[in-house]
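We number each residue from 1, following the sequence as shown. For clarity, every value in this text was computed on a predicted model and none was experimentally measured.
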Amino acid sequence: MAETVPGGRVLIADDHPLIREGLALAARAAMPGVTVDTAGTIGDAVAALKRHAKYRLILLDFVLPDARGFSGFLQLQHEAGRIPIAMISANENPTLVESARALGAAGFLHKTRPFDDLARDIKKLAEGQTSFPAVDAGVAPSALRDRIASLSGAQLRVLIALSDGRLNKQIAADLAVSEATVKAHMTAIFRKLDVGNRAQALLAVQPLLGIVTADRST
């Protein structure tokens with residue numbers, strides 16, 4: 001196993017201050033000399049990425065105030081480029097773990113893990129390895145992953161806005177584009193997802209954008 005390179009920066013996106021502090025302590029134990037930045041929303045995380053583009057690792061809570069299902073991960077993944085992103089959750093649903101793996105996450109860490117185990121997992125991630133818990137056989141949505149991967153950044157943002165129930169006019173205002181542009185993106189999204197309308201598009205991405213439990217602690 002390669003030695004962990006000291007220093008660098010890690011971004012932790014979680015809206016619970018105590019969880020952020022615990023993860024920061026684990027990151028510092030795993031990566032001596034690392035600088036830890038924190039964010040409480042996807043918007044804050046994107047802003048941090050614009051300030052510091054060379055993060056070594058991003059630890060992302062699955063449930064944030066401005067994210068639904070994997071929408072936050074997909075948005076951050078687009079902004080982060082090659083920076084590895086590991087999901088953090090208290091939810092141990094095997095489908096969640098396998099979906100994260102299929103979408104290209106570097107790992108999936110359970111918040112309930114002991115401190116030493118978390119630090120060990122973070123060290124593996126910092127060394128360029130992956131870290132996923134062992135799960136029972138599950139179906140990874142690889143075909144859906146490939147279709148979503150084919151979307152452009154603008155199309156992905158429109159799809160995420162669509163999943164939140166926003167109308168074309170609202171999406172256009174939020175993204176500072178014309179309604180005609182939104183409609184053009186919609187047409188491309190329908191083609192790439194192999195669907196015919198908004199309802200079918202939402203059904204197609206439901207396994208990824210709609211994996212949300214009633215337990216806010218996830």
Side-chain angles (χ1 to χ4, degrees), residues 1-91 96-97 99-101 103-133 153 156-157 160-161 164 174-175 209 212 216-218:
M1 183 179 292
E3 293 237 358
T4 305
V5 178
R9 303 186 85 95
V10 167
L11 175 60
I12 298 173
D14 193 295
D15 61 334
H16 293 82
L18 290 178
I19 297 295
R20 283 202 303 264
E21 184 57 30
L23 290 171
L25 289 172
R28 292 186 181 105
M31 306 163 66
V34 72
T35 297
V36 177
D37 294 334
T38 61
T41 66
I42 293 297
D44 291 343
V46 169
L49 274 169
K50 293 184 185 302
R51 292 193 300 271
H52 306 288
K54 294 186 178 179
Y55 282 107
R56 293 178 58 189
L57 174 65
I58 299 172
L59 302 178
L60 174 65
D61 188 11
F62 178 64
V63 176
L64 288 175
D66 56 346
R68 178 172 178 266
F70 280 98
S71 66
F73 171 80
L74 292 170
Q75 183 179 351
L76 203 58
Q77 186 183 54
H78 175 72
E79 298 288 344
R82 295 181 178 274
I83 301 171
I85 304 174
M87 302 297 297
I88 306 288
S89 179
N91 190 328
L96 200 63
V97 175
S99 294
R101 191 199 304 267
L103 286 173
F108 194 100
L109 310 183
H110 288 142
K111 294 180 180 180
T112 54
R113 295 264 285 170
F115 178 87
D116 288 346
D117 290 346
L118 277 174
R120 184 163 54 248
D121 290 340
I122 291 172
K123 187 173 188 293
K124 287 176 62 178
L125 292 165
E127 291 169 346
Q129 303 178 63
T130 59
S131 182
F132 290 90
L156 180 59
R157 287 190 288 274
I160 291 171
D164 287 335
D174 291 342
L175 301 183
L209 299 184
V212 182
R216 184 62 185 85
S217 66
T218 56

Closest non-hydrogen atom pair, [X] against [Y]:
X	Y	value
P65	G40	CD-O, 3.6 Å
A26	L118	CB-CB, 4.3 Å
P133	F108	CD-O, 3.2 Å
A105	F132	O-CZ, 3.3 Å
A45	L76	CB-CD1, 3.8 Å
L11	A48	CD1-CB, 4.0 Å

Legend entry - Stepwise side chain to side chain contact (heavy atoms under 4.5 Å, CB included) test for L109 and L125: CA-CA 11 Å; L109 310 183; L125 292 165; 4.2 Å; yes

First locate atom [atom1] of [X], then atom [atom2] of [Y], and finally report the distance between them rounded to the nearest 0.5 Å.
X	Y	atom1	atom2	result
Q77	L156	CD	CG	8.5 Å
R9	R56	CZ	CZ	12.5 Å
F73	D61	CZ	CG	13.5 Å
D44	T38	CG	OG1	8.5 Å
L64	Q75	CG	CD	10.5 Å
I88	L59	CD1	CG	4.5 Å

Inset, instruction - Give the intermediate values and the outcome of side chain to side chain contact (heavy atoms under 4.5 Å, CB included) for residues V36 and L25. - result: CA-CA 9 Å; V36 177; L25 289 172; over 6 Å; no

Sub-4.5 Å side-chain heavy-atom contact between [X] and [Y]:
X	Y	result
D15	T41	no
L96	F62	yes
L49	I58	yes

Inset, instruction - For the pair D174 and R157, find out whether any cationic side-chain nitrogen is under 4.0 Å from an anionic carboxylate oxygen. - result: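 Salt bridge absent between D174 and R157.
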
Legend entry - Lys/Arg N to Asp/Glu carboxylate O, D14 vs K111, below 4.0 Å: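 Result for this pair is yes, salt bridge flagged.
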
Inset, instruction - Start with the C-alpha distance between E79 and K50, add both sets of side-chain angles, then the distance that settles side chain to side chain contact (heavy atoms under 4.5 Å, CB included), and finish with yes or no. - result: CA-CA 9 Å; E79 298 288 344; K50 293 184 185 302; 3.8 Å; yes

Legend entry - Listed partners of R120 passing salt bridge (Lys or Arg N to Asp or Glu O under 4.0 Å), at least two apart: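 If we apply the salt bridge (Lys or Arg N to Asp or Glu O under 4.0 Å) test to R120, skipping adjacent residues, the hits are D117.
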
Inset, instruction - Using the test salt bridge (Lys or Arg N to Asp or Glu O under 4.0 Å), find all partners of K54 that sit at least two apart in sequence or belong to another chain. - result: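 Testing K54 for salt bridge (Lys or Arg N to Asp or Glu O under 4.0 Å), a comparison that skips the adjacent residues, returns none.
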
Legend entry - Results of ring-ring contact (aromatic ring centres under 6.0 Å, His included) for H52 - residues two or more places apart only: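 In terms of ring-ring contact (aromatic ring centres under 6.0 Å, His included), with neighbours along the sequence ignored, H52 is linked to no residue.
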
